[in-house]
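Just so it is clear, the structure is predicted and the values come from calculations on it, not from any experiment.
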Amino acid sequence: MRSVAFQLGEAKPDKVLVFTDDADFAGAVAGHAGRTPVLVATSSERVERAVEKRGIPVMRVTTPAGAGVQALEQSNALLTKALVAGLLDAGERVLAVVYGPVHATFMFNVDDLALASLRKEVAGVVAPELLEVVLQIAFEVAREGREGSHVGALFVLGDTDAAMERSRPRIINPFQGHGRQARLVFVPENHPTIKQFAQLDGATMVDAAGVVVAAGRYIQINWDVYLQGGLGGRHLAGASITKDTNSVAVVVSSSNVIRVFKGGREIYRVNAV
């Protein structure tokens with residue numbers, strides 16, 4: 001705890017992220033932080049409840065804190081998740097405190113996260129705000145799964161007319177006939193329904209305004225795209241549709257890795273801790 005207090009005094013971060021399954025440690029850091037906002041990430045339901053009672057924002061994750069390089073990678077992924085969820089702002093300096101097999105601290109600048117570069121790269125294709133809310137849904141799909149199992153999902157954003165022409169329905173479109181407001185990804189109350197259908201076979205099509213147009217679409221594969229070994233059909237579909245249309249694809253794998261494709265290639269990857 002001395003090193004945390006020292007870092008708080010010397011670095012003067014804008015916010016503190018605590019990654020731990022120890023409720024007492026999380027509380028102690030919050031006490032030392034004073035007026036500096038604290039965010040907690042934990043894989044423990046007990047710690048989640050205890051932290052929420054103190055009015056501290058908490059993110060539930062699937063994997064406990066690791067050691068060494070793994071802890072650094074986990075911290076980076078957690079900060080990305082927090083940024084997508086609106087818990088962090090551009091330009092903020094964040095002190096990440098990991099308390100698990102090892103005790104480690106890392107300083108991050110939000111602008112240095114890969115997500116900041118991703119926002120700029122997709123800006124000419126889809127609104128960064130749209131990508132971020134779909135990434136938030138993707139994180140939830142990866143964490144929650146379906147019926148206790150981790151499953152994948154594929155979201156295609158933008159250039160919807162062209163994307164629909166290069167795909168075919170696998171199921172009757174569950175979003176057809178519903179009002180615009182009920183299909184808007186920016187409405188949190190719609191997320192459970194979107195997540196449910198996104199985990200079925202096929203792609204979920206979201207237009208540039210953030211309205212879900214269809215789900216369960218099979219993408220026409222472009223065999224000219226190149227993927228690294230080990231990636232599956234959803235990744236091939238995501239790469240194909242973004243090569244053939246002016247769209248962006250977000251792919252959730254069953255191994256809890258989220259990838260973003262643009263122009264037929266992977267431009268971003270993050271582990272959904």
I'd like to know whether Phe175 forms a ring pair (Phe, Tyr, Trp, His ring centres under 6.0 Å) with Phe197, so could you lay out the CA-CA distance, the side-chain angles of the two residues, the decisive distance to 0.1 Å, and finally the verdict.
CA-CA 9 Å; Phe175 292 97; Phe197 289 113; 5.7 Å; yes
Same apolar cluster: Leu154 and Ile221, side chain cutoff 4.5 Å
yes
What are the two closest heavy atoms between Asp21 and Pro64, and how far apart are they?
OD2-CB, 3.6 Å
Side chain Ser240, main chain Asn222, donor-acceptor under 3.5 Å
yes
Test item: Lys243 and Phe261 side chains (from C-beta on) under 4.5 Å apart, heavy atoms:
no
Check: Tyr218/Arg170 side-chain N/O donor and acceptor closer than 3.5 Å:
yes
How close do Val251 and Gly238 get, counting heavy atoms only, and between which atoms?
CG2-CA, 4.4 Å
What orientation do Phe25 and His103 show, parallel under 30°, tilted 30 to 60°, or perpendicular over 60°?
perpendicular
Would you kindly confirm whether Val257 and Val250 end up in one hydrophobic cluster when ILVMFWY residues are joined by side chain heavy atoms under 4.5 Å apart?
no
Starting at CG of Leu39, measure out to CD1 of Ile56 and round the result to the nearest 0.5 Å.
9.5 Å
Cluster link Leu88 to Phe106, ILVMFWY, side chain under 4.5 Å
yes
Is the closest side-chain heavy-atom distance between Ile241 and Arg166 below 4.5 Å?
yes
Heavy-atom distance under 4.5 Å between the side chains of Ser167 and Gln220, does that happen here?
no
Ala26 to Val51 - nearest heavy-atom pair and separation
CB-CG2, 4.3 Å
May I ask you to test the Thr204-Val156 pair for a side-chain heavy-atom distance under 4.5 Å?
no
List the atom pairs, donor and acceptor, that lie under 3.5 Å between side-chain atoms in residues 125-136 and the rest of the protein, sequence neighbours left out.
residue : atom : partner : partner atom : Å
Glu132  : OE1  : Arg119  : NH1          : 3.3
Glu132  : OE2  : Arg119  : NH1          : 2.2

d(Glu189 CD, Ile194 CD1) to nearest 0.5 Å is 11.0 Å
Any chance CZ of Phe108 has more than 12 other-residue heavy atoms, nucleotides or ligands included, within less than 6.0 Å?
yes
Pairs under 3.5 angstrom only: tabulate donor-acceptor contacts from the side chains of residues 8-18 to other protein residues two or more places apart or in another chain.
residue : atom : partner : partner atom : Å
Lys12   : NZ   : Gly9    : O            : 2.6
Asp14   : OD2  : Arg93   : N            : 2.7
Lys15   : NZ   : Leu87   : O            : 2.8
Lys15   : NZ   : Glu92   : OE1          : 3.4
Lys15   : NZ   : Glu92   : OE2          : 3.4

Minimum-distance pair of heavy atoms, taken over all atoms of Thr63 and Ser43
C-CB, 4.0 Å
Using only atom types and a distance under 3.5 Å, with no angle test, would you say the side chain of Thr242 pairs donor to acceptor with the backbone of Gly264?
yes
So does Val213 get a backbone contact from the side chain of Asn173, meaning a donor-acceptor N/O pair under 3.5 Å?
yes
Any side-chain heavy-atom pair from Val40 and Phe19 closer than 4.5 angstrom?
no
Test your reading of the model: is there a side-chain donor-acceptor pair from His32 to the backbone of Val29, 3.5 Å cut-off?
no
Do Val225 and Leu236 touch side chain to side chain, with heavy atoms closer than 4.5 Å?
yes
Nearest heavy atoms of Ala65 and Val98, plus distance in Å
CB-CG1, 3.6 Å
Kindly check if the number of other-residue, nucleotide or ligand heavy atoms within 6.0 Å of CD (Gln176) is above 12?
no
Using side-chain contact (heavy atoms from CB on, under 4.5 Å) as the criterion, point out the one residue from Leu113, Ile267, Thr80 that pairs with Leu118.
Ile267
Main-chain N/O of Val260 paired with Arg269 side-chain donor or acceptor, under 3.5 Å:
no
Determine whether the side chains of Ser255 and Ser253 contain a donor N or O and an acceptor N or O closer than 3.5 Å.
yes
Quick one, Val110 with Leu79, criterion side-chain contact (heavy atoms from CB on, under 4.5 Å). Give me CA distance, side-chain angles, the key distance, then yes/no.
CA-CA 8 Å; Val110 171; Leu79 289 170; over 6 Å; no
Which value, rounded to the nearest 0.5 Å, describes the distance between Asp111 atom CG and Ser117 atom OG?
9.5 Å
To the nearest 0.5 Å, atom CE of Met59 lies from atom NZ of Lys81 at 6.0 Å
To the nearest 0.5 Å, tell me how far Met205 CE sits from Met164 CE.
6.5 Å
Common cluster, Leu231/Trp223, ILVMFWY with side-chain heavy-atom separation under 4.5 Å
yes
Is the shortest heavy-atom distance from the side chain of Glu266 to the side chain of His235 under 4.5 Å?
no
Distance from Arg234 atom CZ to Phe155 atom CZ, nearest 0.5 Å?
10.0 Å
Is it the case that more than 12 heavy atoms not belonging to Asp89 sit under 6.0 Å from its CG atom?
yes
Nearest atoms (heavy-atom pairs only) where Asn190 meets Gln181
ND2-O, 2.8 Å
For the backbone of Thr20 and the side chain of Thr42, can you confirm whether one donor and one acceptor N or O come within less than 3.5 Å of each other?
yes
With no hydrogens and no angle check, is any side-chain donor or acceptor of Arg259 less than 3.5 Å from a backbone partner on Val270?
no
